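In what follows, a single structure is set out as structure tokens and then discussed.
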Amino acid sequence: YALTGSFWKKKQLFWRVRSFPQGSALSQDIVRNLMHYALTAWGTEVGMTFQEAEPRVGTEPEILIDFARAYHKDSYPFDGPGGTLAHAFFPGDHPISGDTHFDDEEVWTFGESDSGGTDLFAVAVHEFGHALGLAHSSAPNSIMRPFYQGPAGDPSKYRLPPDDREGIQQLYGKGPNSPHPEPTRKPLVPPPQPPGQPPDSPSAPVPDRCSGNFDAIANIRGEVFFFKGPWFWRLQPSGQLVSPRPAKLHRFWEGLPEHVVTVDAAYSRPSDGRILLFSGRQFWVFQDRQLEAGSPKLLTELGLPPGEVVDAVFSWPQNGKTYLIRGEQYWRFDEAVHSVDPGYPKNLNLWEGAPSAPDDVTIGNKGDTYFFKGTEYWRFAPGSVVAEPGSPHPMGPDWLDCPPSAPGPPAPRPSKSPRNCQCEINQ
Amino acid sequence: TPEPSAQDVSLSVDWLTRYGYLPPPHPAQAQLQSPEQLRDAIKIMQRFAGLKETGLMDEATLATMKKPRCSLPDVLGVAGLVRRRR
């Protein structure tokens with residue numbers, strides 16, 4: 001799926017058929033019913049409601065539906081039977097936003113085979129996907145594929161294909177009555193500690209999270225993981241660190257070989273929820289905390305040239321594609337066809353303001369993209385490839401509960417280094 | 001593979017431009033497209049449509065370009081943004 005970057009900020013929208021097809025076998029009531037079912041197909045997945053507006057009452061509905069011919073005062077003239085069938089305008093504040101136009105010169109049908117004409121319901125579901133903020137998808141079974149794919153079946157029983165559900169739920173969240181609840185995933189819990197080894201053993205020296213320079217940073221099911229050497233910290237969605245003390249890599253990621261002591265990049269694959277840890281020229285695939293059979297795999301399997309390693313990997317919610325960054329270049333990987341898109345690598349400066357060779361890049365829980373490097377981070381608003389003004393920001397205070405490094409006299413140092421301090425049970 | 005006719009090439013370039021695979025022509029200057037640029041655009045179109053990526057205007061590609069479809073572009077680049085703003 002691909003998002004256009006625009007969506008409605010309200011959960012109830014109004015619609016109305018302003019002009020009906022002329023000379024069609026479909027009655028006006030059937031047309032209205034088909035529109036209702038086509039909108040409902042999207043609404044049930046995200047908890048949105050669509051109400052048919054009465055003509056000439058109150059304000060204009062967001063989605064005005066027309067059957068028009070040839071040039072009809074927008075940028076997309078129709079071309080008679082065949083060719084272009086319909087179009088819709090993406091969400092926004094303009095009066096035409098959300099409006100949906102069908103070519104009146106098509107033979108619109110409902111519930112018939114291909115030979116009888118074009119199934120109005122199938123085309124309406126596709127167009128309303130645009131009216132709600134989706135662009136065209138290349139996924140094989142998606143209703144948002146740009147080409148007409150034949151009748152969509154009984155409108156009252158129709159359900160969106162998985163690619164479209166995922167796309168619309170990226171924009172509006174999951175509806176309470178979504179007919180396709182995701183199976184409950186096993187929560188990520190820390191493994192039990194081995195006996196006789198307290199989790200916060202003061203004898204083990206640990207790195208300082210406030211000094212930044214992480215090897216990898218990833219958002220895994222809403223929690224941000226900060227990797228440094230054989231350690232990592234976890235930041236809960238509430239913004240609280242699970243513990244100021246890091247956890248050991250190998251106690252958590254079961255099956256990760258002992259010789260892997262740094263993670264160069266990590267990300268959670270949205271298509272199946274697998275977690276991928278990259279180190280050197282290989283990567284390891286985990287389901288929850290368990291290593292999957294077949295790991296490690298080589299980066300060349302992702303279409304990268306032999307010999308390459310990666311600085312950062314992330315999946316961009318805007319288009320569901322995976323971005324692999326190395327130095328000042330990046331590749332775009334398409335999970336659906338399992339290869340790098342043509343035309344890559346491209347220069348990282350297409351992400352305006354982004355640092356080269358970032359420590360890692362991850363997506364926040366509100367869809368923002370964050371580049372991290374050293375002790376700083378750069379924020380990109382959802383869908384934007386331009387860093388927000390004021391970037392970079394210091395990451396310690398914003399992410400890791402660290403004091404701001406204000407200029408002035410140095411902070412008083414403890415008389416003993418943490419390595420040598422003696423801790424009481426309650427300290 | 002037989003060479004596509006000049007008309008097919010012309011229609012294909014128009015199609016690739018209309019649906020966002022090639023940049024829109026500049027109003028003030030003639031547009032010159034390199035064969036590489038055209039091949040890349042065809043490849044991306046073929047990938048999008050689930051066809052074999054040949055980079056050539058083969059029969060399957062031309063047939064797909066003649067299929068009924070939605071009027072909106074597949075690649076929302078600068079052209080898409082300009083249209084939305086307008």
Side-chain angles (χ1 to χ4, degrees), chain A residues 2-6 74-79 81-92 94 96-97 100-103 106-107 114 117-118 123 126-127 129-131 134-150 318-319 334 336-337 339-344 383, chain B residues 7-8 10-12 14-25 27 33-57 60-86:
Chain A
L3 311 181
T4 61
S6 55
D74 66 20
S75 307
Y76 305 96
F78 286 127
D79 54 1
T84 55
L85 304 174
H87 51 248
F89 292 84
F90 303 135
H94 194 276
I96 206 168
S97 303
T100 305
H101 301 162
F102 297 88
D103 187 348
E106 305 299 335
V107 179
D114 266 342
T118 307
V123 177
H126 174 101
E127 296 308 331
H130 291 313
L134 292 180
H136 282 149
S137 169
S138 58
N141 297 317
S142 167
I143 193 73
M144 293 312 293
R145 275 174 71 85
F147 306 101
Y148 176 65
Q149 299 165 80
Q318 196 69 11
N319 55 12
D334 189 331
V337 294
S339 64
V340 167
D341 281 339
Y344 288 85
Chain B
Q7 192 187 11
D8 277 343
S10 171
L11 286 172
S12 302
D14 176 56
W15 192 99
L16 291 166
T17 308
R18 187 183 317 161
Y19 296 116
Y21 296 99
L22 283 172
Q33 250 131 17
S34 69
E36 289 77 21
Q37 189 183 15
L38 192 56
R39 196 165 55 236
D40 279 351
I42 295 170
K43 272 190 181 176
I44 295 170
M45 176 267 167
Q46 288 167 331
R47 170 172 290 203
F48 206 103
L51 304 171
K52 193 176 171 195
E53 287 174 48
T54 62
L56 303 170
M57 283 178 194
T61 306
L62 288 167
T64 302
M65 288 178 173
K66 287 169 187 163
K67 278 186 178 176
R69 57 162 292 152
C70 174
S71 321
L72 297 190
D74 302 335
V75 182
L76 290 180
V78 177
L81 292 172
V82 168
R83 251 185 228 117
R84 268 193 288 154
R85 263 189 231 123
R86 192 181 297 148

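Note that the coordinates shown come from a computational prediction; the quantities given were computed from them, not determined experimentally. Convention: sequence-line order gives letters A, B, ...; per-chain numbering from 1.
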Taking C-beta and beyond as the side chain, do B:L38 and B:M57 meet within less than 4.5 Å on heavy atoms?
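In short, these two side chains touch, coming nearer than 4.5 Å.
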Do A:Q149 side-chain atoms and A:N141 backbone N/O form a donor-acceptor pair below 3.5 Å?
no
Checking A:D334 side chain against A:D341 main chain: does a donor-acceptor pair fall under 3.5 Å?
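Here the side-chain-to-backbone pair does not exist.
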Select, from [options], the one with the greatest count of heavy-atom pairs under 4.5 Å involving chain B.
options                       : value
A:H130, A:H126, A:E127        : A:H130
A:A336, A:P77, A:P140, A:S137 : A:S137
A:P81, A:G82, A:G83           : A:G83
A:A139, A:G92, A:S339, A:A135 : A:S339

Check whether A:F89 gets within reach of chain B through its side chain, its backbone, both or neither, counting any heavy atom under 4.5 Å.
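Nothing of A:F89, per the 4.5 Å heavy-atom cut-off to chain B.
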Hey, what do you get for CG (B:L62) to CG (B:L11), rounding to the nearest 0.5 Å?
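Nearest 0.5 Å value for the CG-CG distance: 9.0 Å.
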Determine, for B:E53 against B:K43, whether the closest basic-nitrogen to carboxylate-oxygen distance falls under 4.0 angstrom.
no
